Number of protein chains: 2
Amino acid sequence: MSNTSVRSIRRGDLARATGCNLETIRYYEKIGIMPDPPRSTKGYRSYDDTHVRRLKFVMRSRDLGFSLEEVRGLLGLVDNRIQTCAEVQAMAEVHLGEVRAKIADLTRIERVLSETVARCTGDAAPDCAIIDALFDA
Amino acid sequence: MSNTSVRSIRRGDLARATGCNLETIRYYEKIGIMPDPPRSTKGYRSYDDTHVRRLKFVMRSRDLGFSLEEVRGLLGLVDNRIQTCAEVQAMAEVHLGEVRAKIADLTRIERVLSETVARCTGDAAPDCAIIDALFDA
DNA sequence: CTAAGGTCTGTAGTTGATACAGGCTCAAGG
DNA sequence: CCTTGAGCCTGTATCAACTACAGACCTTAG
């Protein structure tokens, strides 16, 4: 791990360091997920380690499917300790339930779709088992 | 099955007959998924069987996760026979691949999340294994 | 000194709906 | 006949979560 301490990098550097889209950084600042960074005399945003770390946290949370509102909640513990571990756990469990529901839903879709596709002859005729299935299901 | 032929129902009736949201019908007409229906002398939309059937087709396709653009493609076969069965099959297979990819993705998320939640003590402390995991993953 | 490329701002577009305001119209009850 | 409430009409705004663009400014390498 490279723990090289970084101070005063620009937005493009932060984007590269985290893999985050350039514009998304500005968006996160606008909605308060990321703090307004200090500026250079000419108005350029200036980031450091703490921003890299926080943005990676946000991205990891998003990658696990937490909504931005949920991420805001998670950051509550990070920032002000306004949330307890128990609350975070509850939130994560709710989210886990949603993820499992989505998996169940997609699994049902997968089953129906694969059955339907299997019934299709795949020829050049303008008559199709998939279309029929969508009409008559 | 009730095959009672229906002619000249209004938008609210179509919504009830299909379970579709009232405003969504207008939206589908605006984007060309549903045709502009004939109007009464006073401008009221007038639907019949064919609209009920088509809207149900659209809803079933959406329920299986097809995007509106994909639905548009499926409707191509229904409407003008501009697509062959083979093309529909190819589209369905691509979509099936996407569904499977999503399931794989969510399954990974589910695994990480459930492991993380399990490591959490769930007490009132302002220190949380979930937060730590999001930082250090 | 110049040219390329990075950054600044505000704003618009994306997908797939859903909601609302303000005005008409229609049907039923009194 | 009149009223009242439901339903319908239109255009426009809102949501998540970004992403992209225009036009101006700044920085840096050659």
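No hydrogens, no waters, no symmetry mates; every other heavy atom, side chains included, goes into these values. Because the structure is predicted, anything quoted here is derived from the model rather than measured. All chains are named by letter (A, B, ...) in the order of the sequence lines, taking the proteins before the strands, and each is independently numbered beginning at 1.
- The pair A:Arg54-A:Asp79 meets the salt-bridge criterion, with a side-chain N (NZ, NE, NH1 or NH2) lying under 4.0 Å from an Asp/Glu carboxylate O.
- When the C1' atom of C:dG16 is taken as reference, atom CD of B:Glu70 falls 14 Å away, rounded to whole Å.
- Side-chain atoms of B:Ser61 come within 3.5 Å of backbone N or O of B:Phe57 as a donor-acceptor pair.
- Counted by atom type alone, A:Ser8 and A:Ser46 present one or more donor-acceptor pairs between their side chains at under 3.5 Å.
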Encode nucleotides 7-17 of chain D as B, S and - characters from 5' to 3', where the letter depends on protein heavy atoms closer than 4.0 Å: B to the base, S only to sugar-phosphate, - to neither.
BSSBBB----B
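- In this structure, the CG atom of B:Leu55 is 11 Å from the P atom of C:dA17, given to the nearest Å.
- Taking the ring centre of B:Phe135 as origin, the terminal cationic atom of A:Arg53 falls inside the region bounded by 6.0 Å and 45° from the ring axis.
- Between A:Asp63 and A:Arg60, no side-chain nitrogen of the basic residue sits less than 4.0 Å from a carboxylate oxygen of the acidic one, so the salt-bridge criterion is not met.
- The closest side-chain heavy-atom distance from A:Arg10 to A:Tyr47 is not below 4.5 Å.
- Applying the 4.0 Å criterion to OP1 and OP2 of D:dC18, one finds that A:Thr24 has every side-chain N and O outside that range.
- Residue A:Asn21 places at least one side-chain N or O closer than 4.0 Å to OP1 or OP2 of D:dA20.
- Straight-line distance from the CE atom of B:Met59 to the P atom of C:dG16: 15 Å, rounded to whole Å.
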